[in-house]
Amino acid sequence: MDNGSTDVVVIGAGQAGLSAAYHLQRRGVEYRVLDAEEGPGGAWRHRWKSLVMATVNGISDLPGIAKPDVDPTEPSSEFLSRYFAGYEQDLGIEVLRPVKVTSVAREDADPAGRLRISTNSGDWSAKAVINATGTWTRPFWPIYPGRATFRGRQLHVADYVSAEEFRGLHVIVVGGGISAVGLLDEVSQVTSTSWFTRREPDWRDAVFDAQAGHNAVALVEERVRQGLPPQSVVAVTGLIWTPALRAAAQRGALDRRPMFTAIEPDGVRLTDGSLLRADVILWATGFRAELEHLAPLHLRGPGGGIAMEGTQVAAEPRVHLVGYGPSSSTIGANRAGRAAVTAILKLPALAPTASTTST
């Protein structure tokens, strides 16, 4: 089934995707937004209930409409789903959902030709694609010796619900990012925990201000420009001390251990050869960009990543990635949506069709 043609297809309706839709709409470009979720909110729909607005990292206002007053105690999954839904409605942004994109391919050999976007609800043809699929659907599980033998429970942060389900159990948390220390804080308040990371965590006392955010994004941007797999912005900024985390440190929850050497049925084997018994292993090991549907375009280079020029794939100017690399955090998501639209309007196939409305 062919759904028809449009100028631009936006894949994903999280923060970056909605930002791109806003700027396409302002410039008078014909577009469609396809989203795999059942409703508004993007990945925020799936965050654990204890992640309240007071603790989420710098959620930016979507362009054009400021977000409503925030109750710091409200779960982020509820607030942001409601905020995104209101944004779509108020601006008249039609999002087709649930629609899962299965592949994006070139329709012919013409470098200025059209792209075919195949979905579980039929195909679209477009002059350009803005991919905003994020990372939430691709949790990273490291391969570790003996992992399959563990008799306890293993879960990724993507599957986390609440600390209460671990009460009375010993929980191992693996990972050195914000999610890892946040969940260590939470879980350690109801049960015993152990923390393992590959590298010594980089703690910072400095306030993470706008300049620090800009510098972090620039470093990640340089990696993707070179075609290297992107690091997270957090990997560049380090972990910022908060009152809650200082309290967790005082409880001993942030006493980090070097990575264990193997997983065994009853626990993990430590570097000194001893066995640490455990009931649960919580993998806070991050996510990878959801880009499998772009495989027919062969965008990855020898460095393992996708060489980028801003939001544009260097080797395929019809494809823009927002929510990838420097725009994978809320620091850069809104800016990336605008930058992608600005660049797309320079394509020969699109420049004549766009409105001259100033941004």
Side-chain angles (χ1 to χ4, degrees), residues 5-12 14 16-17 19-21 23-24 27 29 31-34 100-119 123-135 137-138 140 217-233 287-329 332-333 335-354:
S5 297
T6 190
D7 286 337
V8 180
V9 164
V10 179
I11 307 174
S19 172
H23 290 291
L24 288 166
R27 298 299 296 267
V29 181
Y31 70 95
R32 293 290 182 273
V33 182
L34 312 179
K100 180 170 178 55
V101 174
T102 55
S103 70
V104 178
R106 300 174 181 91
E107 292 192 356
D108 52 43
D110 182 357
R114 302 184 71 88
L115 300 170
R116 172 70 47 171
I117 300 91
S118 298
T119 82
D123 293 359
W124 289 89
S125 176
K127 298 173 183 176
V129 165
I130 297 177
N131 190 81
T133 45
T135 62
T137 54
R138 288 204 64 202
F140 174 65
V217 168
L219 289 171
V220 180
E221 208 162 42
E222 180 56 32
R223 280 185 63 86
V224 298
R225 188 178 296 114
Q226 296 174 24
L228 299 172
Q231 290 178 311
S232 68
V233 172
F287 299 79
R288 298 294 183 264
E290 179 54 87
L291 302 174
E292 295 304 303
H293 52 289
L294 302 180
L297 298 174
H298 303 291
L299 302 179
R300 292 193 184 275
I306 299 174
M308 303 289 295
E309 295 175 0
T311 62
Q312 175 183 298
V313 175
E316 179 48 272
R318 292 172 292 181
V319 176
H320 286 252
L321 308 183
V322 294
Y324 176 81
S327 60
S328 62
S329 74
R335 187 177 64 182
R338 176 172 180 162
V341 172
T342 299
I344 278 175
L345 293 182
K346 296 176 183 177
L347 293 174
L350 272 165
T353 67

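These figures come from a predicted structure and were not determined experimentally.
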When you measure from the side chain of [X] to the backbone of [Y], do you find a donor-acceptor pair of N or O atoms at a distance under 3.5 Å?
| X | Y | answer |
| --- | --- | --- |
| Thr133 | Glu290 | yes |
| Arg318 | Val313 | no |
| Lys127 | Ala349 | yes |

[Y] and [X], any side-chain heavy atoms less than 4.5 Å apart:
| X | Y | result |
| --- | --- | --- |
| Thr119 | Lys100 | no |
| Val101 | Val9 | no |
| Ile130 | Val341 | yes |

Specify the closest pair of heavy atoms between [X] and [Y], including all atoms of both residues, with the distance to one decimal.
| X | Y | result |
| --- | --- | --- |
| Arg116 | Ser125 | NH2-CB, 4.2 Å |
| Gly337 | His23 | C-CD2, 4.1 Å |
| Thr311 | Ala336 | CG2-O, 3.6 Å |
| Leu347 | Ala128 | CD1-CB, 4.0 Å |

Reported [atom1]-to-[atom2] distance for the pair [X] and [Y], which is rounded to 0.5 angstrom:
| X | Y | atom1 | atom2 | answer |
| --- | --- | --- | --- | --- |
| Leu321 | Glu316 | CG | CD | 10.5 Å |
| Thr102 | Asp123 | OG1 | CG | 7.0 Å |
| Leu24 | Ile344 | CG | CD1 | 6.5 Å |
| Thr137 | Phe287 | OG1 | CZ | 9.0 Å |

Please identify each residue that fulfils ring-ring contact (aromatic ring centres under 6.0 Å, His included) with Tyr31, with sequence neighbours left out.
-> none

Let me check something: any side-chain donor-acceptor pairs from residues 292-303 under 3.5 Å, sequence neighbours excluded? List them with distances.
from, atom 1, to, atom 2, distance (Å)
Glu292, OE2, Arg138, NH1, 3.3
His293, NE2, Asn131, OD1, 2.6
Arg300, NH1, Gly304, O, 3.1

